Amino acid sequence: QTSLSKNKAKPVKPPGRFERLLQPCVAELVGTTFFVFIGCVSVIENVETTGRLQPALVHGFAVAVMVACMAEISGSHFNPPFTLAIFLCGGLQLGMVAPYLISQLIGGVLGAAMSKAMTSKMKYTNATGAAFTILTSDEQLAGALFAEVAMTALVTLVVLLGAVNNKSKSPLVPFMVGCSVIINILAGGDVSGTCLNPARAFGPAVMTNYWTYHWVYWVGPFVGSLVAAALVRLLLGDNKTRIIMK
């Protein structure tokens, strides 16, 4: 036998403990950190003449870039509701859910801290560190909560159908998720601020100690992710994913 044939016959070494357990958590932490960092800076440094366009494009492109880079390492969740929905649709082991959530929340705080280190004190204070401050009264509450539910359901549905469901998987999923974030911010930014991600809300809230209506940015996205997971599990998923009418 030639050396070439021997190399071909050599079995592929399975991923070690580091690649299976630790590396995905590191990817979630790093990806969430840079997403929140760039997102916060886009809000803090936002020029009034650009309106919602600047943060919309920055958040969307940041998601697309990080998803494309980290997808083969961790699946590129960077968002606790995404992790929950992906687990419910069979795309993640139960034992990785808590480590992913912890990594994402730590990443949110680190990203917010990086944005504080980069921007001027005056701009940081004026923007409340890019915390979500648009919701200021009970009159806005119902609309903002519904917005977070509906818009998170939309982007989570794109994630599940584009990256988890075998029948509809697409190599364009980074572009699709990024575009979903952009259109959501453009459409609903003035209603709820379009958080859609508790890690993105948590980091700036910790750094500025701003907790007004903060619960909305947890309840809304998690409920929205459950709606999306239910749609895939019950109606839109393939035979492997769908649990009824097979």
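All values derive from a computational prediction rather than experimental measurement. Both backbone and side-chain heavy atoms feed into the values below; hydrogens, waters and symmetry mates do not.
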Polar contact flag, side-chain donor to acceptor under 3.5 angstrom, Glu148-Ser192: yes
Output all residues satisfying side-chain hydrogen bond (donor to acceptor under 3.5 Å, both in side chains) with Lys240, sequence neighbours left out; order by chain, then residue number. none
Please check if the side chain of Arg17 supplies one atom and the backbone of Arg20 the other of a donor-acceptor pair under 3.5 Å. no
Check for a donor-acceptor pair, side chain of Gln104 on one end and backbone N or O of Glu28 on the other, with a separation under 3.5 Å. no
Short side-chain to backbone donor-acceptor contact, Asn197 and Phe78, under 3.5 Å: yes
Within the distance-only criterion (no hydrogens, no angle test), does the side chain of Thr32 pair as donor or acceptor with the backbone N or O of Leu29 below 3.5 angstrom? no
Quick one: which of Val159, Val164, Leu84, Leu161 gives a side-chain contact (heavy atoms from CB on, under 4.5 Å) with Cys89? Val164
Just by distance, do the side chain of Thr83 and the backbone of Leu101 share a donor-acceptor pair under 3.5 Å? no
Sub-3.5 Å donor-acceptor pair from the side chain of Ser225 to the main-chain atoms of Phe222, do we have one? yes
Counting only N and O atoms by type, is there a donor-acceptor contact under 3.5 Å from the side chain of Ser120 to the main-chain atoms of Lys123? yes
Roughly how far, to the nearest 0.5 Å, is CE of Met96 from SG of Cys25? 4.0 Å
All side-chain hydrogen bond (donor to acceptor under 3.5 Å, both in side chains) counterparts of Asn165, not counting sequence neighbours: Ser168, Thr241
Are Phe132 and Tyr217 close enough that their ring centers fall under 6.0 Å? yes
Distance from Leu88 atom CG to Leu226 atom CG, nearest 0.5 Å? 6.5 Å
Distance-only, no hydrogens or angles: does the Tyr213 side chain make a donor-acceptor pair with backbone N or O of Asp138 under 3.5 Å? yes
When the ring planes of Phe202 and His214 are compared, do they come out parallel, tilted or perpendicular, using 30° and 60° as the limits? tilted
Kindly state each residue pair satisfying salt bridge (Lys or Arg N to Asp or Glu O under 4.0 Å) with at least one member in residues 179-192, sequence neighbours excluded. Arg52-Asp190
Hey, is the main chain of Ala153 close enough, under 3.5 Å, to the side chain of Thr156 for a donor-acceptor pair? no
Is a side-chain N or O of Ser170 found less than 3.5 angstrom from the main chain of Leu172, in a donor-acceptor match? yes
Are His59 and Ile182 close enough that some pair of their side-chain heavy atoms sits under 4.5 Å apart? no
Candidate pair Val191 and Phe146, rule side-chain contact (heavy atoms from CB on, under 4.5 Å), full reasoning: CA-CA 10 Å; Val191 178; Phe146 180 78; over 6 Å; no
What's the verdict on side-chain contact (heavy atoms from CB on, under 4.5 Å) for Leu196 and Asn184, showing C-alpha distance, side-chain angles and the deciding distance? CA-CA 9 Å; Leu196 320 182; Asn184 275 332; 3.8 Å; yes
In Å, rounded to the nearest 0.5 Å, how long is the span from CG of Asp238 to CG of Asn166? 5.0 Å
